[in-house]
Every structure is written in structure tokens, then in C-alpha cells.
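Take a look at the structure set out below.
Predicted model only: the values in this text are computed from it and were never measured. Every number for a ligand or one of its atoms is a count from 1 in the order of the listing.
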Amino acid sequence: MANEATLVIVKPDGLKKSLTGNILTRLAEAKLKIIAAKVIAVDRKLADKHYQHLKNEPFYPELSQYITGELHGENRVMALVYSGEEAITKVRKIAGATNPEEADPVSIRGAYGRILTVGLFENVIHASSDVGEAEREIKLWFEPSDIVCELYPCQKKTFDNFEKTVWK
Ligand code: DAT
Ligand code: MG
């Protein structure tokens with residue numbers, strides 16, 4: 001079995017509804033290791049990069065307003081990296097299907113998600129879909145120093161007069 005890392009984001013509705021504890025408890029069932037975590041405000045630039053594969057979808061404007069917190073008046077999200085055997089599949093299973101109406105009722109999205117009148121799936125958490133996306137997303141959301149282990153190759157880079165470790 002493959003050791004994998006995966007990005008989880010508790011979206012603004014999850015924070016606004018005080019679901020962080022419930023969600024982390026559910027994810028603990030996967031018996032994975034949390035190797036990074038932070039609460040951040042998502043700007044338009046980060047949203048566009050994260051959802052780059054969906055930018056031409058009709059629901060993209062609402063999706064962008066959702067992840068940046070505009071929709072909920074709540075611009076916090078919690079981003080975490082989970083690591084362990086088959087982490088991607090295990091987390092996707094506990095998260096549930098993209099459409100909360102179709103998601104297993106005991107999954108996170110099935111239990112806490114809803115479909116907005118405008119049609120957007122307000123599905124509480126993001127979970128990486130495959131190894132390539134997980135790497136791209138983790139490198140987008142976290143710097144090497146945010147993660148307790150060297151997950152991907154790094155390099156030292158000099159900015160003006162200080163040195164910093166960045167993703168290679
Ligand atoms: P997932 O988050 O399950 O990987 P995705 O990457 O295809 O799904 O889409 C990202 C988010 O966009 C998803 O969590 C909710 C929203 N979304 C996707 N498809 C949608 C649709 N057909 N209608 C409304 N919102 C959608
Ligand atoms: Mg996806």
C-alpha cells in the first residue's frame with residue numbers, strides 16, 4: 001500500500017457552523033497523521049489556482065465566492081495535510097461524494113452539506129482527488145517550513161538578504 005499525503009480544507013461553512021471538531025473527529029477514523037495545519041483567509045488568487053480545473057464551469061463564480069468566504073461572511077478556512085497509507089482514498093471516503101445530496105448520509109458531506117438555491121454544492125470540506133493533485137495543492141497551500149517533515153524535494157533560495165527553503 002502506498003504512503004500518501006492529502007490536503008483537507010474545512011471550507012467557510014464548516015467554520016461558520018462550528019463543525020471543525022466534528023470534522024476532525026470523523027477524519028480521525030482514518031488513523032492518519034496530521035503533518036500540517038493552519039487557519040487562513042483565502043484570496044481570489046489562491047482560489048483561482050486551487051480550482052484552476054473548474055474555471056470554465058457555470059458555477060465557478062459562486063464556487064470562488066464560497067471558498068473566499070464572501071458567501072458566508074466568513075473568510076476563514078482550515079487547511080490540513082494528512083499523511084499515511086492510502087490517505088487520499090481514505091479521506092475521500094469519509095468526506096463523501098461531491099454532491100451532498102448523493103453523498104452517503106454518514107459521510108461528512110452527506111451529514112453536513114447542502115445544495116444552495118443557486119445550485120452550488122456547499123459541501124463543507126475539500127479533499128485531494130489523486131496523488132498529482134494532492135502534491136500540487138499541498139505545495140500551493142503550504143510552504144516547506146509549515147510541514148513537520150520534508151514531504152517533497154526542497155531547495156534553498158535567497159531573497160534580498162535572507163535565505164528561505166522553497167519547493168523545488
Ligand atoms: P471534489 O471537491 O469532490 O473534488 P470537484 O473538484 O469536481 O469535486 O469540484 C470542486 C467543488 O466545486 C466541489 O467540492 C463543489 C463544487 N462543484 C463541483 N461540481 C459542481 C456542480 N456540478 N454544481 C455545483 N457545484 C459543484
Ligand atoms: Mg476536486
Heavy-atom nearest neighbour in the protein, as seen from atom 25 (N) of ligand 1, with distance rounded to 0.1 Å: Phe121 N, 3.3 Å
Using a 4.5 Å cut-off between side-chain heavy atoms of Ile, Leu, Val, Met, Phe, Trp and Tyr, which other residues end up in the same hydrophobic cluster as Ile115? Phe121
Do the non-hydrogen side-chain atoms of Tyr66 and Val42 ever get within less than 4.5 Å of each other? no
With a 4.0 Å cut-off on heavy atoms, is Lys11 in contact with ligand 1? yes
Can you tell me the protein heavy atom closest to atom 10 (C) of ligand 1 and the distance? Leu54 CD1, 3.3 Å
Write out the residue and atom name of the closest protein heavy atom to atom 6 (O) of ligand 1, then the distance separating them to 0.1 Å. His53 NE2, 3.2 Å
Looking only at protein heavy atoms, identify the closest one to atom 15 (C) of ligand 1 and say how far it is in Å. Asn123 ND2, 3.6 Å
Do we see a donor-acceptor contact under 3.5 Å between the side chains of Thr68 and Arg44? no
For atom 4 (O) of ligand 1, the closest protein heavy atom turns out to be Arg92 NH1, 2.8 Å
I'd like to know if Arg109 contacts ligand 1, where contact means a heavy-atom distance under 4.0 Å to any ligand atom. yes
With a 3.5 Å cut-off and sequence neighbours excluded, list the donor-acceptor pairs that the side chains of residues 84-98 form with protein atoms.
residue	atom	partner	partner atom	Å
Glu86	OE2	Ala2	N	3.3
Lys90	NZ	Glu85	O	3.0
Arg92	NH1	Ala127	O	2.9

shortest atom 19 (N) of ligand 1-to-protein heavy-atom contact is with Phe59 CZ, 3.3 Å
In this structure, atom 24 (C) of ligand 1 is nearest to the protein heavy atom Gly119 O, 3.2 Å
Identity and separation of the nearest protein heavy atom to atom 3 (O) of ligand 1: Thr98 OG1, 2.5 Å
Hey, does Tyr66 sit under 4.0 Å from ligand 1 if you only count heavy atoms? no
Would you find a donor on one side and an acceptor on the other, under 3.5 Å apart, between the side chain of Ser64 and the backbone of Tyr60? no
Looking at Ser107 and Asp104, would you say the former's side chain and the latter's main chain have a donor-acceptor pair under 3.5 Å? yes
Cationic tip of Lys38 within the cone over Phe142's six-membered ring, i.e. under 6.0 Å and within 45° of the normal? yes
Tell me yes or no: between the side chains of Tyr112 and Asn22, is some donor less than 3.5 Å from an acceptor? yes
